[in-house]
Amino acid sequence: TFRYPGVRSDVLMWLYSFPFKPWTKPRNFGSGRLIKQYLNDIVNEFNINSKIHYQHQVTKASWDTSKLEWIVTVNHLNKSVGKLLVTSFG
């Protein structure tokens with residue numbers, strides 16, 4: 001559900017879309033509903049829902065320059081390590 005009535009992008013969506021899945025909607029500034037649909041389509045198309053941790057809070061993230069990886073502490077999990085860290089706020 002949306003908690004912000006009228007939420008929409010204030011940046012051209014082709015700048016925020018993924019290169020492997022360009023924004024193809026006719027509107028350059030996506031509404032919250034269209035953005036959510038775009039992201040859900042990607043999750044379903046690439047079958048990555050099991051890789052996404054919803055409703056988790058990152059309490060610490062640091063880059064290990066010697067190992068070239070992120071060390072992330074999350075409130076519901078033990079420390080996690082990875083080469084890529086994608087953050088989302090809202």
Side-chain angles (χ1 to χ4, degrees):
T1 61
F2 287 107
R3 297 184 183 138
Y4 306 104
V7 67
R8 64 180 218 113
S9 171
D10 59 355
V11 174
L12 294 169
M13 285 305 299
W14 62 268
L15 290 171
Y16 277 172
S17 64
F18 296 105
F20 57 84
K21 183 79 171 179
W23 179 263
T24 58
K25 307 294 184 205
R27 295 181 177 219
N28 289 325
F29 297 93
S31 67
R33 182 184 60 78
L34 289 176
I35 295 168
K36 184 177 180 183
Q37 179 185 356
Y38 168 78
L39 294 172
N40 283 334
D41 288 347
I42 290 170
V43 167
N44 292 330
E45 182 177 339
F46 294 94
N47 196 27
I48 59 171
N49 197 52
S50 65
K51 305 290 186 196
I52 300 172
H53 298 285
Y54 299 98
Q55 302 299 318
H56 285 66
Q57 181 182 14
V58 173
T59 56
K60 184 178 180 182
S62 56
W63 178 251
D64 186 327
T65 55
S66 64
K67 295 182 180 178
L68 301 177
E69 62 190 17
W70 285 97
I71 301 168
V72 181
T73 305
V74 180
N75 64 341
H76 294 2
L77 303 170
N78 294 325
K79 285 188 180 177
S80 183
V81 176
K83 300 289 183 189
L84 178 68
L85 174 64
V86 178
T87 60
S88 177
F89 302 92

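Other residues, nucleotides and ligands place no more than 12 heavy atoms under 6.0 Å from the NZ atom of K60. Enclosure of atom CZ in F29 by more than 12 non-hydrogen atoms of other residues, nucleotides or ligands within 6.0 angstrom is indicated. Shown here is N47, whose CG atom has no more than 12 heavy atoms of other residues, nucleotides or ligands within 6.0 Å.
Residues K21 and I42 share a closest heavy-atom pair of CG-CG1, 3.7 Å. Minimum heavy-atom separation, K67 to K83: O-NZ, 3.2 Å. Across every non-hydrogen atom of S17 and P22, the tightest pair is OG-CA, 3.9 Å. The heavy-atom pair separating L34 from R27 by the smallest distance is CD1-CD, 4.5 Å.
Using bins of under 30°, 30° to 60° and over 60° for the plane-to-plane angle, the ring pair F20/F46 lands in the perpendicular bin.
Distance check, rounded to the nearest 0.5 Å: CZ of R8 to CZ of R33 gives 14.0 Å. Here the CG atom belonging to N44 is positioned 11.0 Å from the CG atom belonging to L39, to the nearest 0.5 angstrom.
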One pair to check against side chain to side chain contact (heavy atoms under 4.5 Å, CB included): W63 and L68. What are the steps and the verdict? CA-CA 7 Å; W63 178 251; L68 301 177; 4.0 Å; yes
Starting from the C-alpha separation in whole Å, work towards a yes-or-no answer on ring pair (Phe, Tyr, Trp, His ring centres under 6.0 Å) for W23 and Y16. CA-CA 8 Å; W23 179 263; Y16 277 172; over 10 Å; no
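One hydrophobic cluster holds both W70 and V74 under the rule that ILVMFWY side chains link at heavy-atom gaps under 4.5 Å. Taking hydrophobic clusters as Ile, Leu, Val, Met, Phe, Trp and Tyr residues chained together by side-chain heavy-atom distances below 4.5 Å, V43 shares a cluster with Y38.
The backbone N or O of G30 sits nowhere less than 3.5 Å from a side-chain atom of S9 that would complete a donor-acceptor pair.
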